[in-house]
Amino acid sequence: MKKIILGVAALALTIGLYSFTTPVKTEKVTKVAIQNPDKGKEVFAKTCIACHQANGQGVPNAFPPLAKSDYLNKDANRAIKTVLNGLSGPITVNGKKFNAMMTPQALSDQQVADVLTYVYSSWGNNGTKVTPAMVKAQRGKK
């Protein structure tokens with residue numbers, strides 16, 4: 001009986017030691033930037049709210065609405081380039097003409113992705129998710 005108990009103990013000790021010395025296969029973790037609408041709301045409050053207003057309605061005859069905006073919802077790349085490069089000249093949004101100037105915004109790719117994802121997920125817009133990679137691809141384009 002002692003031999004069986006000692007044998008089982010020796011086997012258990014061997015298995016235990018083996019598990020501590022056997023290399024564990026690990027997988028490489030890739031960091032993925034995730035757009036954050038909450039951070040986007042913060043960027044909006046600091047950067048966009050003065051012209052486009054807290055409710056996204058804009059200022060009549062001055063600054064276009066972002067709420068239910070046909071102009072915004074039609075082309076995410078155009079929206080990205082507008083944030084990056086600014087915009088001047090006449091545009092039509094939801095059937096109304098606007099001719100104000102928007103200055104380029106000094107934001108990181110992540111901040112642009114966050115703020116546009118927030119805008120697209122608010123006020124009846126189409127829910128487009130803008131990624132930092134999408135912003136990077138538009139940076140430097142007119």
Side-chain angles (χ1 to χ4, degrees), residues 3-142:
K3 286 183 179 181
I4 293 174
I5 292 173
L6 287 175
V8 170
L11 182 62
L13 182 60
T14 303
I15 291 171
L17 288 175
Y18 179 76
S19 67
F20 283 114
T21 59
T22 303
V24 176
K25 183 179 178 184
T26 59
E27 293 182 26
K28 183 178 178 184
V29 176
T30 304
K31 186 176 179 183
V32 176
I34 298 174
Q35 52 284 6
N36 185 332
D38 291 332
K39 294 246 184 224
K41 186 174 184 178
E42 292 173 20
V43 173
F44 186 87
K46 292 176 184 173
T47 309
C48 316
I49 202 167
C51 298
H52 296 290
Q53 305 299 296
N55 59 5
Q57 293 298 319
V59 175
N61 303 314
F63 302 107
L66 300 177
K68 297 180 184 173
S69 171
D70 59 353
Y71 185 88
L72 177 75
N73 288 304
K74 185 175 182 179
D75 187 348
N77 287 328
R78 178 175 61 188
I80 293 167
K81 287 186 279 193
T82 299
V83 174
L84 294 174
N85 304 321
L87 182 69
S88 62
I91 61 170
T92 302
V93 179
N94 297 343
K96 295 183 181 171
K97 294 193 183 290
F98 294 87
N99 193 6
M101 184 175 143
M102 178 175 156
T103 60
Q105 304 303 305
L107 300 172
S108 69
D109 293 351
Q110 184 68 55
Q111 288 172 313
V112 174
D114 289 343
V115 75
L116 284 174
T117 296
Y118 166 71
V119 169
Y120 276 116
S121 67
S122 302
W123 314 306
N125 288 313
N126 66 15
T128 296
K129 304 277 191 259
V130 177
T131 66
M134 292 167 67
V135 176
K136 184 177 183 177
Q138 296 306 314
R139 203 172 274 284
K141 292 183 180 180
K142 291 289 178 180

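Just so we're clear, the structure is a prediction, and the values are computed from it rather than from any experiment.
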Applying side-chain contact (heavy atoms from CB on, under 4.5 Å), can you list everything that pairs with [X], at least two apart in sequence or on another chain?
| X | value |
| --- | --- |
| K141 | K81, Q138 |
| R78 | Y71, K74, D75, T82 |
| E42 | none |
| S108 | Q110, Q111 |

**Item:** Those residues that, when tested against Y118, pass ring-ring contact (aromatic ring centres under 6.0 Å, His included) (two or more places apart)
**Value:** F44, W123

In Å and rounded to the nearest 0.5 Å, what is the [atom1] to [atom2] distance from [X] to [Y]?
| X | Y | atom1 | atom2 | value |
| --- | --- | --- | --- | --- |
| S69 | Y120 | OG | OH | 8.0 Å |
| Q57 | K68 | CD | NZ | 8.0 Å |
| L66 | Q53 | CG | CD | 10.5 Å |
| L84 | L107 | CG | CG | 8.0 Å |

**Prompt:** Tell me, which pairs form a ring-ring contact (aromatic ring centres under 6.0 Å, His included) where one or both residues lie in residues 95-117, sequence neighbours left out?
**Reply:**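 Sorted result for residues 95-117: empty, none.
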
Taking every non-hydrogen atom, the tightest pair across [X] and [Y]:
| X | Y | result |
| --- | --- | --- |
| D70 | N94 | OD1-N, 2.7 Å |
| P64 | I91 | CG-CD1, 4.1 Å |
| A100 | A62 | CB-O, 3.1 Å |

The criterion is side-chain hydrogen bond (donor to acceptor under 3.5 Å, both in side chains); which residues satisfy it with [X], sequence neighbours excluded?
| X | value |
| --- | --- |
| N73 | N125, N126 |
| S88 | none |
| N85 | none |

**Request:** Evaluate the side-chain proximity of M101 to L87: yes if any heavy-atom separation is below 4.5 Å, no if none is.
**Result:**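 No. Closest side-chain heavy atoms not under 4.5 Å.
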
**Item:** Sub-4.5 Å side-chain heavy-atom contact between V115 and C48
**Value:**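 Of all side-chain heavy-atom pairs linking C48 with V115, at least one is under 4.5 Å.
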
**Message:** Closer than 3.5 angstrom, by distance alone: can the side chain of D109 be matched with the main-chain N or O of A133 as a donor-acceptor pair?
**Reply:** no

**Request:** Using modelled atom types only, decide if a donor and an acceptor are shared between the side chain of H52 and the backbone of P65 within a distance under 3.5 Å.
**Result:**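 No, because the side chain of H52 does not come within donor-acceptor range (under 3.5 Å) of the backbone of P65.
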
**Asked** If you count the non-hydrogen atoms of other residues, nucleotides and ligands that lie under 6.0 Å from CG in N61, is the total more than 12?
**Response** no

